[in-house]
Amino acid sequence: QLLAELQNGANMEDLAKAKSVDPYRLRGGLVVDIVKFDLQRDIGAIVFSLDPGELHGPIRTDLGWSIVRVESFAKPDETRFPGLQRDLDALIRQRKALAAREQLANKLTEKHPVVIDQEAVAALAPERGPDGRILPKRPTDPEAVVARIGNDQVLTADELFAALRDRWKRVRNPAAAEASAPIVLSRLIRQKLMLAETLSRGYDELPEVERRARALETELLIQDYLENILAAKIEVTEEEKLAYYEERREEFHRPPRVRLGQITSATLEESEEIAKQLGGGADLAWLAKSRSIDRLAESGGDRGWYVPQAGVDDFNAELMEAPVGTVLEPFGEPENWVVWKVLHRQEQGIYPYSEISGNLHDRVFQEKFAVALDEFIRLLRSRAEIEVNEEALRSLRIEGSRAEPEGEGGHGGHAH
């Protein structure tokens, strides 16, 4: 219907502001400075086959069902090529590898037929959680079979649920989530196909694979023994936890609350420009209302209060210490680059004992376990006869690998 209206002369900017559900509606649907490599391959092929002014759609994108119109093309800036060459090389290699994997998966499907339970897949339909995030419905039976691959491999509802939940962290509406679900399912099935083929060829029986499997099995056995024998004897009392807390109160500061301003742009270059302007004192509300493409633009970019979490990522770590006025480096992905500015900051004191009692139990337990393990190893050493081949030990040497060509990836060394 919208395509027909546009073909009949309707104004695209007005229609986008009135009907679109993606962030670009605030700009009347305008997406600026997008390059082909930043688009999904099939969508990029469509867009770059159009002439300026030409309409196409509806097409399914990560944002839902979309109608696109090319406004103009810019000639490539050849002076940027040397700086982008390494990134382009990596992207081309990645796409070739993906294409090769897809071809292999298609061949393997003939040998290991795939049967998908579409009802089980549909049962994991996207829904919006209480906090606004898009999540798959939790399966009633986590072990239900979503797909069978060959005679031996199955994909469970719980496996698909976990993969969808991870993918949909970056998705903004249910339509976009539904569009990405087949991609996630296909990737998981491809992995199962590779496993089925690997096992059918007897790779699990190769000496090197068996050796590594035994090493992992040994590690698991040791871990199980320590948990069930050594750790089971360790007790942590309330008095020990309280004493630990009193001795280290300063370690248990609550993370601060920070009020953030947010501006979202379609390209990294634009976000970097906005970050520079914010750092130079430009008004956040004015910039957000005039340039941001997310839902916070109308409120002047006010993201509200946020409590950073230690150990999550670099941004959270920076926010833990960031003073008021800090502008963080742009982050995100193509078409969704975000700049944050710290507007206010509130320290929240020290956690009371009652709120972190469980964490204190774990800390005291780990300290007592380390002591018990050290004593246990000393006991084993006293009972065992240990011989060290000093000559073989001296023959070991550690040397770096030969320098690899730039862009081929990998650093590090090899032990011989």
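Counting begins at 1 with the first residue of the sequence. Quick caveat: nothing in here was measured; it's all calculated off a predicted structure.
The aromatic rings of Tyr353 and Tyr245 stand perpendicular to each other, their planes meeting at an angle above 60°, with 30° marking the opposite boundary. Ring orientation note: the planes of Phe48 and Phe73 are tilted relative to one another, at an angle of 30° to 60°.
Under 3.5 Å, the side chains of Glu197 and His112 contain a donor-acceptor pair of N or O atoms. In this model, a donor atom of one side chain and an acceptor atom of the other lie less than 3.5 Å apart for Ser180 and Trp168. Between Asp158 and Thr156, the side chains place no donor N or O within less than 3.5 Å of an acceptor N or O (distance only, hydrogens not considered). For the 3.5 Å distance criterion, the side chains of Gln223 and Glu227 qualify, holding a donor opposite an acceptor.
Of all the heavy atoms in Gly301 and Leu284, the pair that sits closest is O-CD2, 4.3 Å.
Residues Arg303 and Trp340 are in side-chain contact: their nearest non-hydrogen atoms beyond the backbone lie under 4.5 Å apart. At a threshold of 4.5 Å between non-hydrogen side-chain atoms, the residues Val339 and Leu328 do not count as touching.
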key: Stepwise side-chain contact (heavy atoms from CB on, under 4.5 Å) test for Leu104 and Met194   = CA-CA 9 Å; Leu104 177 59; Met194 301 298 178; 3.7 Å; yes

ask   = Given Glu367 and Glu240, is the side-chain contact (heavy atoms from CB on, under 4.5 Å) satisfied, shown in steps?
value = CA-CA 11 Å; Glu367 285 195 357; Glu240 288 173 323; over 6 Å; no

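The structure places CD1 of Ile274 at 13.5 Å from NZ of Lys276, a figure rounded to the nearest 0.5 Å. In this structure, Ile149 CD1 and Thr109 OG1 are separated by 9.5 Å, a value rounded to the nearest 0.5 Å. With rounding to the nearest 0.5 angstrom, the CZ atom of Arg148 is 13.0 Å from the CD1 atom of Ile116. In this structure, the separation between CD on Gln262 and OG on Ser299 is 9.5 Å, given to the nearest 0.5 Å.
For Arg248 and Phe252, the positive end is not near the middle of the six-membered ring at less than 6.0 Å and at most 45° from its axis.
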